[in-house]
Number of protein chains: 2
Amino acid sequence: MAEATRPARSQPATLSDVARLAGVSIATASKALNGRSQVRAETRQRVIEAAERLAFRPNQVAQSLLAGRTGTVGPLTSDLEGRFSIPILMGAEDAFGAGEVAVFLCDARGDAIREQHHVRALLGRRVDGLIVVGSRTDPRPSLGRELPVPVVYAYAPSEDPEDLSIVPDSVGAGRLAVDHLLACGRTRIAHITGDPGYAAAQERAEGARAALAGAGLTLVGEPGFGAWSEGWGRAATAMLLDRHPDVDAVLCGSDQIARGVMDMLRERGRRVPEDVAVMGFDNWRVLTSASRPPLTSVDMNLEQVGRAAAHALFTAIAGTRRSGVETLPCRVVIRGSTVPLT
Amino acid sequence: MAEATRPARSQPATLSDVARLAGVSIATASKALNGRSQVRAETRQRVIEAAERLAFRPNQVAQSLLAGRTGTVGPLTSDLEGRFSIPILMGAEDAFGAGEVAVFLCDARGDAIREQHHVRALLGRRVDGLIVVGSRTDPRPSLGRELPVPVVYAYAPSEDPEDLSIVPDSVGAGRLAVDHLLACGRTRIAHITGDPGYAAAQERAEGARAALAGAGLTLVGEPGFGAWSEGWGRAATAMLLDRHPDVDAVLCGSDQIARGVMDMLRERGRRVPEDVAVMGFDNWRVLTSASRPPLTSVDMNLEQVGRAAAHALFTAIAGTRRSGVETLPCRVVIRGSTVPLT
DNA sequence: AAAGAAACCGAAAAGGCTTTCAGAGACGCT
DNA sequence: AGCGTCTCTGAAAGCCTTTTCGGTTTCTTT
């Protein structure tokens with residue numbers, strides 16, 4: 001734990017340092033390094049060598065000031081703890097990273113005041129655009145139309161239809177899930193899901209019902225709304241088995257619920273997937289692959305949502321703006337809880 | 001999905017706009033807004049009103065250029081997916097957020113090339129400092145001593161002792177865990193943990209052994225190194241019960257392992273915590289609170305690690321640099337798997 | 001009333017870069 | 001030799017803000 005005050009570090013080289021070393025003006029140095037054509041090859045070479053000797057990196061702060069664009073983007077997330085924001089941010093970072101756009105990190109902790117504060121801070125830094133990442137798919141208040149930069153909402157759509165929102169297709173996801181169970185030959189399908197106050201819960205249930213109706217079937221019992229927890233999965237399963245012992249598949253609102261469901265099924269002597277198939281939602285690796293058997297789950301393709309949001313923001317910055325809510329399809333990841341391992 | 005090209009948004013107001021509206025010079029406007037004293041109260045008021053009318057926000061890009069500091073910090077993480085980086089980043093964001101420092105988001109995906117690329121990008125943006133966040137506690141190569149800004153390593157220490165690293169105290173954590181089990185009256189304690197290639201696994205085992213030795217005891221059997229998975233927890237527990245049926249506590253290397261252990265214990269008819277106490281590591285909520293009974297676990301205080309790293313970086317930027325590896329204590333979070341619920 | 005002090009204001013420079021535009025030099029042609 | 005044409009190069013402006021410092025106004029004091 002040595003402690004010392006070292007001398008200030010050497011300042012990074014500037015363009016004028018390079019120019020001096022190469023014996024040219026800064027204008028020429030700039031042109032040489034940026035591939036402008038009005039420089040003799042030999043001069044350009046001299047400048048490039050000088051730049052390398054000095055480890056010159058153009059000061060992007062100065063470039064930004066001049067260009068009026070900073071090449072930065074502010075993603076506002078309302079919860080970093082939650083596992084939904086991260087994949088979206090990674091997708092966005094991915095999409096931007098390729099284009100040399102830097103991404104700020106802002107966690108509003110679900111607090112509107114903090115969010116406002118972050119928006120201000122980001123605008124002060126002259127970000128070129130904002131991505132607002134929600135923690136649930138319910139619509140959220142718009143940041144407003146009067147912002148000086150484009151905004152894209154991801155996962156949680158904006159309440160204002162003039163804004164552009166990119167969300168996963170929850171209704172379609174419910175449909176996909178049921179389609180898979182039907183394809184597995186199941187016909188007595190129950191649905192145990194989370195908090196009915198979540199749009200995602202309602203929409204998935206809606207999609208599931210629609211798909212069943214399409215096959216001339218209905219859900220076994222009512223959708224079991226409750227909490228997004230293992231405990232609820234266990235409790236709901238116990239009740240379900242009492243009332244509908246003939247159930248042959250349970251579609252769960254989350255992987256956590258699914259784990260609880262599988263737990264209780266095993267406790268009651270049902271085999272998964274032979275007697276009852278179980279499906280989860282979210283495709284959260286830790287849970288899906290650790291369970292016995294591994295859990296079939298619907299993946300919301302969140303990284304794609306992030307990438308799509310980044311892409312939309314890009315085009316909006318370039319001038320072409322879209323609006324409305326755009327949905328992206330989910331996908332079923334099949335594991336041993338619906339299909340016996342061969 | 002309406003599509004349209006709206007007119008370019010109005011540019012944000014600049015200081016000279018404000019000055020013009022207030023009928024003063026740019027210099028006076030600046031002084032008025034920044035609370036400098038050489039402005040008549042009445043004039044200041046006029047300027048402030050003008051600034052408000054125009055929704056003026058000083059352009060931080062220009063401020064940065066002038067000040068030579070950007071007020072930004074680059075945290076390089078090697079895996080955002082992993083659950084260890086996030087709390088550290090949140091802690092850092094927290095510590096900086098208060099001081100108006102913006103944090104960039106960089107995920108190197110564990111790739112050294114990507115990391116180099118990100119370092120360059122961050123330096124180009126003239127960040128004032130870097131925080132390197134690792135995904136495991138094993139030492140990692142230094143970024144080098146010749147960087148123009150201070151660097152702090154968090155979670156994964158740098159191999160270069162001249163660098164400053166902030167890490168959780170793994171040895172101490174092992175000791176704390178055993179101390180808790182001893183305090184619960186357990187004496188026949190086994191240790192089932194993860195990949196022996198991880199420094200964290202070795203160090204925790206070392207701490208556990210030391211604490212036992214201090215009480216005149218030894219581990220039941222050898223430490224069970226294996227994988228950081230539920231599956232390994234189950235398998236290792238089965239073997240453990242065969243060889244040492246009298247075990248009365250299992251210290252696990254992670255919460256996932258602990259879940260597997262508890263699963264197998266239940267399957268073999270042991271009650272937790274009455275017959276066998278179980279402890280996990282990492283205090284990962286999803287796992288600890290969802291299990292039956294809730295899992296006692298060691299929390300590495302990662303947010304504190306992040307905050308400490310941010311703080312160290314702050315002081316380093318201000319000129320006072322430290323070096324070496326500094327450890328932060330962990331803490332035991334007691335739940336029902338070691339202490340019967342009252 | 002005049003001088004001195006204090007309060008207030010604005011011109012200008014700085015920070016690092018890009019770009020425009022004018023000027024300088026080289027070359028080919030008549 | 002003189003002219004026009006290219007090809008290169010560099011001075012300077014501009015991006016937006018802060019700060020210094022000289023200048024102007026106002027107030028106090030004798």
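Labels below follow one simple rule: chain letters A, B, ... track the order of the sequence lines, proteins then strands, and each chain is numbered from 1.
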Worksheet item: With respect to the phosphate group of C:dA7, does any side-chain polar atom (N or O) of B:R40 fall under 4.0 Å of OP1 or OP2?
Response: no
Worksheet item: Between A:S37 and B:L15, which is nearer to the 5' end of DNA chain D once each is assigned its nearest nucleotide?
Response: A:S37
Practice prompt. Look at the side-chain N and O atoms of A:T43 and state whether any lies under 4.0 Å from the OP1 or OP2 oxygen of D:dT9.
Written response: yes
Item to complete: Starting from P on D:dT9, measure out to CZ on A:R20 and report it in whole angstrom.
Response: 19 Å
Worksheet item: A:T14 near the nucleic acid: base, sugar-phosphate alone, or nothing, with a heavy-atom cut-off under 4.0 Å?
Response: sugar-phosphate
Response to the item:
Taken to the nearest whole Å, NZ/B:K31 to P/C:dA11 is 11 Å
Worksheet entry | Whole angstrom value for the distance that separates P of C:dG10 from CZ of B:R36 | 17 Å
Worksheet item: Taking B:T320 for the side chain and B:A316 for the main chain, is one N or O donor matched with an acceptor at less than 3.5 Å?
Response: no
Fill in: Within residues 44-55 of chain A: residues closer than 4.0 Å to DNA chain D (heavy atoms)
none
Item to complete: Give, ordered by number, those residues of residues 60-71 of chain B having at least one heavy-atom distance below 4.0 Å to an atom of DNA chain C; if nothing qualifies, reply none.
Response: B:A62, B:L65, B:L66
Worksheet entry | Rounded distance in Å - CG (B:N34) to C1' (D:dT19) | 11 Å
Worksheet item: Got a donor-acceptor contact below 3.5 angstrom from the B:R44 side chain to the B:R36 backbone?
Response: yes
Item to complete: Mind calculating the distance between CD (B:Q38) and C1' (D:dT18) to the nearest angstrom?
Response: 12 Å
Worksheet item: Would you call A:R322 and A:E326 a salt bridge, using N to O less than 4.0 angstrom?
Response: yes
Fill in: Donor-acceptor pair between B:T327 and B:D169 side chains, under 3.5 angstrom
no
Practice prompt. Could you tell me whether the side chains of A:T77 and A:S85 share a donor-acceptor contact shorter than 3.5 Å?
Written response: yes
Fill in: Donor-acceptor pair, side chain of A:D163 and main chain of A:S158, under 3.5 angstrom
no
Discussion item. Taking the basic N atoms (NZ, or NE/NH1/NH2) and the acidic carboxylate oxygens, is any pair closer than 4.0 Å for A:D107 and A:R109?
Written reply: yes
Worksheet item: Looking at A:R120 and A:E115, does any basic side-chain N land under 4.0 Å from a carboxylate oxygen?
Response: no
Worksheet item: Between the main-chain N or O of B:A108 and the side-chain N or O of B:D111, is there a donor-acceptor pair closer than 3.5 Å?
Response: no
Discussion item. In terms of relative ring orientation, are A:F314 and A:F96 parallel, tilted or perpendicular, with 30° and 60° separating the classes?
Written reply: perpendicular
Practice prompt. Using a cut-off of strictly less than 4.0 Å between a heavy atom of the residue and any atom of DNA chain D, enumerate the qualifying residues of residues 21-29 of chain A by number.
Written response: A:V24, A:S25, A:A27, A:T28
